[in-house]
> 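Provided herewith is a single structure, encoded as structure tokens, for subsequent inquiry.
In this chain, numbering begins with 1 at the start of the sequence shown. Order of listing sets the numbers, starting from 1, for every ligand and every atom in it.
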Amino acid sequence: MLRVTGNGLYCEAGDFYVDPWCPVDRAVITHAHSDHAHWGCKAYLCSEECRGVLRARMGPDAVIQTAAWGAPVLFDGVHVSFHPAGHILGSAQVRIESDGEVWVVSGDYKLEHDRTCRPFEPVRCHTFITESTFGLPIYRWRPQPEIFSELNAWWRGNQENGKASVLFAYALGKAQRLLAGVDPSIGPIFCHGAVEKLNRVYRDAGIDLPQTAYAGAVEKGYDWSRALIVAPPSGNANPYLRRFGTVSTGFASGWMRIRGTRRRRSIDHGFVLSDHADWPGLLSAIEATGAQCVMVTHGYRAPLVRWLCERGLDAKALETRFEGERDESEATVDSAEAFE
Ligand SMILES: [Zn+2]
Ligand SMILES: [Zn+2]
């Protein structure tokens, strides 16, 4: 039903692409991260909740159509519908049905609770195309409440030492999840412009975030030592950091699980928090689909394919250009190093 072409995953019967990596006429989009939502397509179809973030990325002129959760859209006899993926606001799995055969493209997903987006919903299918960004048994996320208490303790400790707390996180999704999870009673929260812009989109979609202010609008001479500043990883540079005085830096990513990532980035504190499923999460999500055929994209494909084949499933790796969020792909060199 779907095959990989030069432009991306293509459904010939319905004449559309899912998360194409080149500009095409009809693009069905799982979510608004840049490795899934490519510029320049003639028309985009996404979930209703994805509209705001996709619009923020694509600008006012893009043609964006949306569908409610589970509501089928017809493409030449092929039914396409969206089902929550639990990754970021509006992130969806795409269910495609034609002549009684059902395929599901997972996009990126996680099973952990995240109040900034709808929880992952398993969808029964014959063929499941799954991501495997963290598809190795070493990846097992610790409970989130532990990570958030660590984050709050780091912020309080920095205050005691007179240091501003600068937390780096991917601007779309991870930043808002962190904001929703920290204890805002500790002190004032500021954001980099790229994060603040997306906070607005999240609030417009009804997601409750603590009060934040744009860091760039604060007058000179402000004492930042009680503040938390949330910025994208690109902000980890001297000109940006200098204005905050003495700082302690933190970084939140699944790759923080890997020794060496933090050192290489010269970050003071790493928080292991990912918007992707860990190894047990991938396995249980795959099982819940009931799929006999599983195709694996992103990251560590081979170990997951082997594991599934050993359990009697028809599994194979699928070559795509989905390579994970920018902050996460940057760190892949370090992670490879850790397995030597
Ligand atoms: Zn993503
Ligand atoms: Zn991805």
> Using the ring of each side chain (for Trp, its six-membered ring), is F244 parallel, tilted or perpendicular to W224, with breaks at 30° and 60°?
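Rings of F244 and W224: perpendicular, over 60°.
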
> Parallel, tilted or perpendicular: which fits the ring planes of F75 and F16, with parallel below 30° and perpendicular above 60°?
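Geometry flag for F16 against F75: tilted rings.
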
> How about H36: does one of its N, O or S atoms come closer than 2.8 Å to the Zn ion (ligand 1)?
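Looking at H36, which is the residue asked about, there is no N, O or S atom under 2.8 Å from the Zn ion (ligand 1).
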
> My understanding is that only residues two or more places apart in sequence, or in another chain, count here; which of them pass side chain to side chain contact (heavy atoms under 4.5 Å, CB included) with P119?
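Expected list: none.
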
> Which atom name does D108 have for its N/O/S atom nearest to the Zn ion (ligand 2)?
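Going through the N, O and S atoms of D108 one by one, OD2 ends up nearest to the Zn ion (ligand 2).
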
> With sequence neighbours excluded, tell me which residues meet side-chain hydrogen bond (donor to acceptor under 3.5 Å, both in side chains) with T127.
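Partners of T127 under the side-chain hydrogen bond (donor to acceptor under 3.5 Å, both in side chains) test: none.
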
> Is there a salt bridge (Lys or Arg N to Asp or Glu O under 4.0 Å) between D35 and R321 once you walk through the steps?
CA-CA 7 Å; D35 61 324; R321 294 195 200 162; over 6 Å; no

> Is the distance from the Zn ion (ligand 1) to the nearest N/O/S atom of H87 under 2.8 Å?
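Yes - counting backbone and side chain alike, H87 has an N, O or S atom under 2.8 Å.
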
> Return the name of the atom in H33, of element N, O or S, nearest to the Zn ion (ligand 1).
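Relative to the Zn ion (ligand 1), the closest nitrogen, oxygen or sulfur of H33 carries the name ND1.
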
> Tell me which N, O or S atom of H31 sits nearest to the Zn ion (ligand 1).
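Answer by atom name: NE2.
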
> Relative to the Zn ion (ligand 2), which of the N, O or S atoms in D35 is the closest?
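Nearest N/O/S atom of D35: OD2.
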
